[in-house]
K.L.:
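This is the structure, below, for whatever I ask next.
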Amino acid sequence: MRWLRENWLDFLIFVLIAVVAVGVVLYLVGLNPFAARPAPPPAPQAPAATAPGPAGEAPAEEPVVTVLPLPEAPPAPSPGEASGRMPASAPSPSEPTRPSPGAASPPASPGGVYRVAVGAFANPENAARLRQALAKQGYPARLEPAGSLTRVVVGPYATEAEAMRVAEALRDYAPQVYRGEGPAPLSPERVYLQVGAFQKRENALALAEKLRELGFSVVLSEDGLHRVRVGPVPAAQADEVKVRLKALGLEALEVR
């Protein structure tokens with residue numbers, strides 16, 4: 001220690017020379033002990049989900065689907081007892097195979113003799129529903145009595161060709177084209193008893209349903225009014241049926 005106190009200046013110079021020498025050597029070999037270590041590479045990150053654009057817009061690559069409303073079909077008549085086949089629904093003007101009402105149903109001719117029968121029903125309400133569905137599509141439909149059934153008829157038309165075109169448009173109803181001025185006349189032994197004529201279809205249907213519940217055979221006819229008829233009944237029993245109807249408050253008019 002005595003030597004270090006007497007020669008401290010020489011020792012300090014020696015240390016400085018040694019540090020400089022070590023620094024020169026490190027510089028020459030390319031080593032730098034004071035350089036900062038490089039940071040490790042960042043871990044790979046999962047790609048972020050595509051965020052929607054401003055105001056909630058969908059990404060550009062997402063397709064846009066447009067849903068168009070479907071046209072509604074016309075009201076379908078309820079199934080009932082019929083003399084001919086009746087489809088489950090009324091013809092829809094949206095079907096491509098069905099002509100439009102204006103093309104498929106030529107205007108009825110006042111003097112026409114050709115008609116198209118599209119169904120005959122034991123329940124007059126079913127006949128009225130089918131007639132209403134056809135009328136909404138532009139067909140000149142009407143109701144006629146046909147024995148104990150109510151027949152739905154389109155027409156009349158002046159030529160058979162016009163009636164055949166309508167029958168083709170209504171082929172789902174198994175139509176029948178016939179020639180005549182109206183329903184076939186009854187035999188002298190059978191008659192109808194008309195018990196009401198209404199301007200409103202609902203009133204005629206209400207009376208017809210009441211009579212059917214009481215066991216009467218009821219048909220409807222239209223010629224500007226909705227006519228409710230009981231029958232046909234044998235002519236020999238007409239007076240007896242009239243008495244039963246009168247007990248219900250109904251005046252019966254005999255129609256042949």
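Treat the numbers as computed from the prediction; the structure is a model and nothing was measured.
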K.L.:
Looking at Glu168 and Arg165, is there a salt bridge between them, counting it only when a charged N and a carboxylate O are closer than 4.0 Å?
P.N.:
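So Arg165 does not pair with Glu168 through a salt bridge.
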
K.L.:
Give the C-alpha distance, both sets of side-chain angles, the deciding distance and a yes or no for side chain to side chain contact (heavy atoms under 4.5 Å, CB included) between Val152 and Phe121.
P.N.:
CA-CA 8 Å; Val152 183; Phe121 302 85; 3.8 Å; yes

K.L.:
Quick check for you: to the nearest 0.5 Å, what is the distance between Thr150 atom OG1 and Leu130 atom CG?
P.N.:
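Those atoms lie 11.5 Å apart.
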
K.L.:
Looking only at heavy atoms, which two atoms of Ala163 and Tyr114 are closest? And how far apart?
P.N.:
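Distance-wise, the nearest heavy atoms are CB-CB, 3.9 Å.
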
K.L.:
Nearest 0.5 angstrom please: Gln199 CD to His226 NE2, how far?
P.N.:
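Going from CD on Gln199 over to NE2 on His226, the span is 9.0 Å.
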
K.L.:
Taking all non-hydrogen atoms of both residues into account, name the closest pair between Pro232 and Arg190 and its distance.
P.N.:
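Closest approach of Pro232 to Arg190: O-NH2, 3.2 Å.
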
K.L.:
Val230 vs Val219, test: side chain to side chain contact (heavy atoms under 4.5 Å, CB included). Steps then yes/no.
P.N.:
CA-CA 6 Å; Val230 173; Val219 297; over 6 Å; no

K.L.:
Evaluate Glu144 against Arg115 for side chain to side chain contact (heavy atoms under 4.5 Å, CB included), listing each step before the verdict.
P.N.:
CA-CA 11 Å; Glu144 294 179 352; Arg115 292 171 170 82; 3.7 Å; yes

K.L.:
Mind checking side chain to side chain contact (heavy atoms under 4.5 Å, CB included) for Val20 and listing every partner two or more places apart, or none if nothing turns up?
P.N.:
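With sequence neighbours excluded, Val20 shows a side chain to side chain contact (heavy atoms under 4.5 Å, CB included) to Val24, given in chain and number order.
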
K.L.:
Might you point out which heavy atoms bring Arg244 and Phe216 nearest each other, and give the distance in Å?
P.N.:
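Looking at all heavy atoms of both residues, the closest pair is NH2-CZ, 3.5 Å.
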
K.L.:
How many angstroms lie between atom CG of Leu143 and atom CD of Gln132, to the nearest 0.5 angstrom?
P.N.:
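Going from the CG atom of Leu143 to the CD atom of Gln132 covers 10.5 Å.
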
K.L.:
Taking the side chain as C-beta and beyond, is there a heavy-atom pair between Pro140 and Val154 under 4.5 Å?
P.N.:
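Answer yes - side chains close enough.
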
K.L.:
Identify, with sequence neighbours excluded, every residue that meets salt bridge (charged side-chain N to carboxylate O under 4.0 Å, His left out) alongside Asp223.
P.N.:
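Applying salt bridge (charged side-chain N to carboxylate O under 4.0 Å, His left out) to Asp223 gives Arg227.
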
K.L.:
Is there side-chain contact between Leu211 and Val228, with at least one heavy-atom pair below 4.5 Å?
P.N.:
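Heavy-atom side-chain distance check passes, below 4.5 Å.
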
K.L.:
Might you point out which heavy atoms bring Leu220 and Ala208 nearest each other, and give the distance in Å?
P.N.:
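Shortest heavy-atom separation between Leu220 and Ala208 comes out as CD2-CB, 4.4 Å.
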
K.L.:
Rounded to the nearest 0.5 Å, how far does CG of Leu253 lie from OH of Tyr192?
P.N.:
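Rounded to the nearest 0.5 Å, the OH-CG separation comes to 14.5 Å.
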
K.L.:
Roughly how far apart are Gln194 CD and Leu225 CG, rounded to 0.5 Å?
P.N.:
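Interatomic distance, Gln194 CD to Leu225 CG, rounded to 0.5 Å: 9.0 Å.
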
K.L.:
Between Leu207 and Asn203, does the side chain to side chain contact (heavy atoms under 4.5 Å, CB included) criterion hold? Intermediate values first, please.
P.N.:
CA-CA 6 Å; Leu207 177 58; Asn203 296 337; over 6 Å; no

K.L.:
Is any side-chain heavy atom of Leu170 closer than 4.5 Å to one of Tyr139?
P.N.:
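SC-SC contact between Tyr139 and Leu170 confirmed.
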
K.L.:
Going by the rule side chain to side chain contact (heavy atoms under 4.5 Å, CB included), which residues pair with Arg212 if we only count those two or more places apart in sequence or in a different chain?
P.N.:
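Side chain to side chain contact (heavy atoms under 4.5 Å, CB included) list for Arg212, sorted by chain: Asn123, Pro124, Glu209, Val218.
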
K.L.:
Sequence neighbours excluded, which residues qualify as salt bridge (charged side-chain N to carboxylate O under 4.0 Å, His left out) partners of Arg229?
P.N.:
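Once residues adjacent in sequence are excluded, Arg229 has no partner under the salt bridge (charged side-chain N to carboxylate O under 4.0 Å, His left out) criterion.
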
K.L.:
Short question: side chain of Arg131, backbone of Arg142 - any donor-acceptor pair under 3.5 Å?
P.N.:
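No; judged by distance alone, with no hydrogens or angles, the pair does not exist.
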
K.L.:
Think Arg151 forms a cation-pi with Tyr178, using NZ or CZ under 6.0 Å from the six-ring centre and within 45 degrees of its axis?
P.N.:
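Yes, Arg151 and Tyr178 form such a contact.
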
K.L.:
With rounding to the nearest 0.5 Å, note down the distance linking CG in Leu250 to NZ in Lys246.
P.N.:
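Nearest 0.5 Å value for the CG-NZ distance: 11.5 Å.
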
K.L.:
Gln237: which residues meet the side-chain hydrogen bond (donor to acceptor under 3.5 Å, both in side chains) condition with it, sequence neighbours left out?
P.N.:
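None.
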
K.L.:
Got a sec, which residues hit side chain to side chain contact (heavy atoms under 4.5 Å, CB included) with Glu254, two or more places apart in sequence or on another chain?
P.N.:
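In terms of side chain to side chain contact (heavy atoms under 4.5 Å, CB included), with neighbours along the sequence ignored, Glu254 is linked to Val191, Leu193, Ala238, Lys242, Arg256.
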
K.L.:
Excluding sequence neighbours, so at least two apart, what forms side-chain hydrogen bond (donor to acceptor under 3.5 Å, both in side chains) with Glu125?
P.N.:
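For Glu125 the side-chain hydrogen bond (donor to acceptor under 3.5 Å, both in side chains) partners, ignoring immediate neighbours, are Arg129.
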
K.L.:
Is there a donor-acceptor pair closer than 3.5 Å between any side-chain N or O of Ser221 and the backbone N or O of Pro145?
P.N.:
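No, because the side chain of Ser221 does not come within donor-acceptor range (under 3.5 Å) of the backbone of Pro145.
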
K.L.:
Taking all heavy atoms of Ser217 and all of Ser148, pick out the closest pair and write down the distance.
P.N.:
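Nearest heavy atoms, Ser217 then Ser148: OG-CB, 3.6 Å.
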
K.L.:
Can you sort out the partners of Asp10 under side chain to side chain contact (heavy atoms under 4.5 Å, CB included), two or more places apart, ordered by chain and number?
P.N.:
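Listed in chain order: Asn7.
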
K.L.:
Would you name the heavy atoms of Ala204 and Phe198 that are closest together and state the gap between them?
P.N.:
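Nearest heavy atoms, Ala204 then Phe198: CA-CD1, 3.7 Å.
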
